[in-house]
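To start, the structure under review is shown below, and the notes come after it.
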Amino acid sequence: SAVGHKKKPNDIPFAYHQEIELEITTLTNLGSGLGRVPLPPIENQKSDIENTAGGGWVVMVPFTLPGERVRVRVFRNQKNFSEADLVEVLTPSPHRVAATCPLFARCGGCQYQHLAYAEQLLWKQRQVTELLRHMAGIEFAVSPVVPSPREFGYRSKITPHFNPPRDVVVPPPIGFLRQGTRFDIVDVPRCPIATDAINAAYARSRKDIKANPGRFERGATLLFRDCEEGV
């Protein structure tokens, strides 16, 4: 193809931004919901799709939960599955809860805030069991996950990022990568899963950086670690 031309998106089995409905049946180890949809016969379709479609074509959707009926918008077709964004939850899971953080689903730092904490623990235990079975061929009774005494305010290390702009008049966003992107940063004033001490230090650094962004290099990363005295 000519230099500068964008690669044409793969429109098999779904067109770009086509909306479909499906039921989510499980969670991946990255926190995305996974469901399968039957595909109608397509003339001259690729063999990979023919083989996979027998059990239903896999669609992965972040921020969905097992048992939910959802409407989604497909944005990418991979070799043997599609990726989609959530448009609407048609039938919610009884374990769905309101996320504490107002940036949840925009900030890429968290995947499970919409799932009740007790269910998070059960799914993590199940995922370890399944990984041992499928990746190592081991059947092992994984012990229940030890819960944290605090659902929030527990994380002792965070690494926010920022890109000082060439035009230092505009303060840069400081935070974490936007969900589903590799370079776009969401401005995160406070992280509810981090400890109070980290958030206090982070607030001071944010104020200093936004007042003097020109003295930092592009692609800067901050490191905050909360250590107990004597440990």
**Complete:** In short, Ala84 meets Pro62 closest at the heavy-atom pair O-CD, 3.3 Å

**Fill in**
By side chain to side chain donor-acceptor pair (under 3.5 Å), Glu68 pairs with (sequence neighbours left out) Arg96

**Prompt:** What residues, two or more places apart in sequence or in another chain, satisfy side chain to side chain contact (heavy atoms under 4.5 Å, CB included) together with Asp187?
**Reply:** Pro173, Ile174, Pro189, Arg206, Lys210

**Request:** Would you check, one step at a time, whether the test side chain to side chain contact (heavy atoms under 4.5 Å, CB included) holds for Val128 with Phe140?
**Result:** CA-CA 9 Å; Val128 173; Phe140 183 79; over 6 Å; no

**Message:** Taking the side chain as everything from C-beta on, heavy atoms only, tell me whether Phe81 gets closer than 4.5 Å to Met60.
**Reply:** yes

**Item:** Atom pair OG1/CG of Thr64 and Leu27 - distance to nearest 0.5 Å
**Value:** 7.0 Å

**Asked** Say you draw a straight line from CD of Gln78 to CD of Glu83; how long is it, rounded to the nearest 0.5 Å?
**Response** 5.0 Å

**Prompt:** So, does His134 use its side chain to make a donor-acceptor pair with the main chain of Leu132 at under 3.5 Å?
**Reply:** no

**Item:** Joint cluster assignment, Phe224 & Phe216, ILVMFWY side-chain distance < 4.5 Å
**Value:** yes

**Request:** Please examine the side chains of Asn163 and Ile185, heavy atoms only from C-beta on, and report whether any two atoms are closer than 4.5 Å.
**Result:** yes

**Item:** Note, Arg36 side chain near Trp57 side chain (heavy atom, < 4.5 Å)
**Value:** no

**Prompt:** Given the rule that I, L, V, M, F, W and Y join up when any side-chain heavy atoms are under 4.5 Å apart, are Phe162 and Leu103 in one cluster?
**Reply:** yes

**Prompt:** Side-chain heavy atoms under 4.5 angstrom apart, residues restricted to Ile, Leu, Val, Met, Phe, Trp, Tyr: same cluster for Val58 and Leu65?
**Reply:** no

**Message:** Under the side chain to side chain donor-acceptor pair (under 3.5 Å) definition, can you give me all pairs with a residue in residues 190-200, not counting sequence neighbours?
**Reply:** Thr195-Asp226

**Asked** Would you say Arg215 has more than 12 foreign heavy atoms packed within less than 6.0 Å of its CZ?
**Response** yes

**Asked** For the side chain of Gln111 and the backbone of Ser32, is there at least one donor-acceptor N/O pair under 3.5 Å apart?
**Response** no

**Asked** Given the rule that I, L, V, M, F, W and Y join up when any side-chain heavy atoms are under 4.5 Å apart, are Leu115 and Phe63 in one cluster?
**Response** no

**Request:** Check the pair Gln113, Cys101 against side chain to side chain contact (heavy atoms under 4.5 Å, CB included), reporting the backbone distance first and the verdict last.
**Result:** CA-CA 8 Å; Gln113 281 195 32; Cys101 181; 3.6 Å; yes

**Request:** Name all pairs fulfilling the side chain to side chain donor-acceptor pair (under 3.5 Å) condition that reach into residues 142-155, sequence neighbours left out, sorted by first residue then second.
**Result:** none

**Separation between CD1 of Ile198 and CG of Leu223, rounded to the nearest 0.5 Å** = 8.5 Å

**Prompt:** Any side-chain heavy atom of Val186 within less than 4.5 Å of one from Leu177?
**Reply:** no

**Prompt:** Can you list every pair that meets side chain to side chain donor-acceptor pair (under 3.5 Å) and has a residue in residues 17-26, with sequence neighbours left out?
**Reply:** Glu19-Arg71, Glu19-Arg73

**Co-members of the apolar cluster containing Val145 [side chain, <4.5 Å]** = Tyr117, Leu121

**Message:** So Phe14 and Leu39, do their side chains get closer than 4.5 Å, heavy atoms only?
**Reply:** yes

**Prompt:** Can you tell me how far the OG atom of Ser156 sits from the CD1 atom of Ile193, to the nearest 0.5 Å?
**Reply:** 10.5 Å

**Item:** Note, Trp123 side chain near Tyr112 side chain (heavy atom, < 4.5 Å)
**Value:** no

**Message:** Check for me, please, whether Phe75 and Leu86 land in the same ILVMFWY cluster - side-chain distances under 4.5 Å, paths through other members count.
**Reply:** no

**Prompt:** In Å, rounded to the nearest 0.5 Å, how long is the span from OH of Tyr202 to CD1 of Ile209?
**Reply:** 8.0 Å

**Prompt:** Can you tell me if Glu88 uses its side chain to pair, donor with acceptor, with the backbone of Val70 under 3.5 Å?
**Reply:** no

**Prompt:** Nearest heavy-atom pair of Ala194 and Ile158: which atoms, and what distance?
**Reply:** CB-CG2, 4.0 Å

**Complete:** Between Ala211 and Pro213, the two heavy atoms sitting closest are C-CD, 3.5 Å

**Message:** With a 4.5 Å cut-off on side-chain heavy atoms, are Asn77 and Ile12 touching?
**Reply:** no

**Asked** If we only count heavy atoms from C-beta on, is the Val59 to Ile20 side-chain gap below 4.5 Å?
**Response** yes

**Asked** Quick one: CZ on Arg126 to CG on Asn29, what's the gap to the nearest 0.5 Å?
**Response** 12.5 Å

